[in-house]
Amino acid sequence: MAETNLQVLLRRRPKGAPVPEDFEIVETPVPVPAEGEVLVRHQYLSLDPYMRGRMSEAKSYAKPVALGSVMEGRTAGVVVASKAPGFAPGDSVAGGFGWQRFSCVTPAGLIKVDPQEAPLSANLGVLGMPGLTAWVGLEDIGQPKAGETVVVSAASGAVGQVVGQIAKIRGCKVIGIAGGPEKCRFVEEELGFDACIDHRGDLNAQLDKACPEGIDVYWENVGGPVQAAVFPRLRDFARMVMCGVIAQYNVVEGADSFGGPPGPYLGAVVRKRLRIQGFIVSDHGWPRYPQFRREMLGWMADGRMSWREDVVEGLRNAPEAFIGLLQGRNFGKLVVKID
Ligand SMILES: NC(=O)c1ccc[n+]([C@@H]2O[C@H](COP(=O)([O-])OP(=O)(O)OC[C@H]3O[C@@H](n4cnc5c(N)ncnc54)[C@H](OP(=O)(O)O)[C@@H]3O)[C@@H](O)[C@H]2O)c1
């Protein structure tokens, strides 16, 4: 039987948490590369929280996915046919080519990766956009110094695991926050954080115990009640790296379940001379990707950087896996093995 392409489309915009009916899975013919294009068979798809934003029409830093179009996402795969100079069948490549098995792409935005350096899927996590986010956000905004206390939320996830390990390499005391004892054990024992707090327990008591001297850098991945517990513990001159607020991504547009005036927060920003900065990796990161990759490969080779992936089998299971990501069901960087 002839091979087909498999694609996951955005059927409708979610109201609150996405449901399987928001997606549509279709089989289409395998595309044929035009002159200057490469046909790639994608083997892994990265599932990331930002995709919830692309499903929405709310104003943001990037355009929404159009209804009926292939969901956006980064992939890693192998070239099967090439009509573009510099690429040959068998080359391993990564790029942003969406929730699909095959696509024809131009070399712009296609990164050639060496499968001898790391497993292909690592190019979507520790060596990909989430790893770059952690590296650039700490370097540019968090700026942790040896001896400082760094707190990282969603610590067992794609970004959090890298943030905490880089902060350890920089000589900091690192406290993770994660959901459940299994994730906390992993963060302490496998990633080497000094401690990990379970956000399902009494956050205030656990933070008092883990950070009696306060917090110098807070890496924000979740927002909501975790942020509310961390914020009063920031020390003078602390930095808050606003990477994401996943706990708020399913809030229905226009509503604000964690609302209320930010006044008390902003008063403390002055009194404590805090720096709170949001950032998007694409503004800072990609021009520095070669430098990041070199440094990260070095840490991976000398054993100072561990990483955990949560691999879901089959592109048809991507919608369910993505829905789970927004509920904390993933354990490590979530990737889909496409076939
Ligand atoms: N600014 C940028 O350029 C940029 C780039 C990449 C990612 N990000 C952001 O970074 C954050 C982490 O992304 P990631 O790819 O590393 O995801 P991830 O941590 O691998 O997965 C998401 C994790 O978030 C936690 N979570 C989900 N819902 C939650 C809730 N209601 N309350 C508390 N925790 C919740 C869960 O961990 P627990 O079970 O441990 O709670 C879940 O496993 C996200 O906010 C994402 O949008 C930003």
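Numbering of ligands and ligand atoms starts at 1, following listing order.
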When you measure from the centre of the six-membered ring of Phe237, is the NZ or CZ of Arg275 under 6.0 Å away and within 45° of the axis?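 Not flagged: Arg275 not positioned over aromatic ring of Phe237.
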State whether Phe331 and Arg308 meet the cation-pi test: NZ (Lys) or CZ (Arg) under 6.0 Å from the six-membered ring centroid, and within 45° of the perpendicular axis.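 So Arg308 does make the cation-pi contact.
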List every atom of ligand 1 that sits less than 4.0 Å from any heavy atom of [X], numbering the atoms from 1 in the order shown and giving each element.
X: Val245; value: 45 (O)
X: Val159; value: 6 (C), 7 (C), 16 (O)
X: Ala178; value: 40 (O)
X: Val222; value: 33 (C), 34 (N)
X: His199; value: 33 (C), 34 (N), 38 (P), 41 (O)
X: Gly328; value: 27 (C), 36 (C), 39 (O), 42 (C), 43 (O)
X: Ile280; value: 1 (N), 3 (O)

What I want to find out is whether [X] reaches [Y] closely enough, with some N-O distance under 4.0 Å, to be called a salt bridge.
X: Glu139; Y: Arg170; answer: yes
X: Lys63; Y: Glu57; answer: no
X: Arg271; Y: Asp236; answer: no
X: Asp216; Y: Lys145; answer: no
X: Arg101; Y: Asp339; answer: yes
X: Asp208; Y: Arg233; answer: yes
X: Lys173; Y: Glu213; answer: yes

Measure the distance from [atom] to every protein heavy atom, then report the residue, atom name and distance (to 0.1 Å) of the closest one.
atom: atom 11 (C) of ligand 1; result: Asn221 OD1, 3.3 Å
atom: atom 35 (C) of ligand 1; result: Ile246 CG2, 3.8 Å
atom: atom 20 (O) of ligand 1; result: Ala158 N, 2.9 Å
atom: atom 48 (C) of ligand 1; result: Cys243 O, 3.0 Å
atom: atom 47 (O) of ligand 1; result: Tyr249 OH, 2.8 Å
atom: atom 6 (C) of ligand 1; result: Met129 SD, 3.5 Å
atom: atom 5 (C) of ligand 1; result: Thr133 OG1, 3.3 Å
atom: atom 3 (O) of ligand 1; result: Val281 N, 2.7 Å

Only pairs under 3.5 Å count here: list side-chain donor-acceptor contacts from residues 33-40, not counting sequence neighbours, and write none if there are none.
residue : atom : partner : partner atom : Å
Glu37   : OE1  : Ala34   : N            : 3.0

Select one of side chain, backbone, both or neither to describe which atoms of Ile177 lie under 4.0 Å from any atom of ligand 1, heavy atoms only.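 Looking at Ile177 and ligand 1, no heavy atom falls under 4.0 Å.
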Considering only heavy atoms, does Phe331 approach ligand 1 within less than 4.0 Å through its side chain, its backbone, both, or neither?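 Within the 4.0 Å criterion, Phe331 makes no contact with ligand 1.
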Out of [options], whose heavy atom sits nearest [atom]?
atom: atom 40 (O) of ligand 1; options: Ala247, Gly179, Gly244; answer: Gly179
atom: atom 39 (O) of ligand 1; options: Glu309, Arg52, Gln327, Lys183; answer: Lys183
atom: atom 17 (O) of ligand 1; options: Gly131, Gly224, Pro49; answer: Pro49

Can you see whether Glu295 engages Trp135 through a side-chain donor-acceptor pair at a distance of less than 3.5 angstrom?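 The answer is yes; a qualifying pair exists.
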Check residues 64-71 and write down every donor-acceptor pair under 3.5 Å in which the side-chain atom is one partner and the other belongs to a residue at least two apart or another chain.
residue : atom : partner : partner atom : Å
Ser69   : OG   : Ala66   : O            : 3.2

Restricting to non-hydrogen atoms, name the atom on Val93 and the atom on Val113 that form the minimum distance, rounded to 0.1 Å.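 What the structure gives for the nearest pair is N-CG2, 4.1 Å.
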With a 4.0 Å cut-off on heavy atoms, does Leu334 reach ligand 1?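 The answer is no, since Leu334 has no heavy atom less than 4.0 Å from ligand 1.
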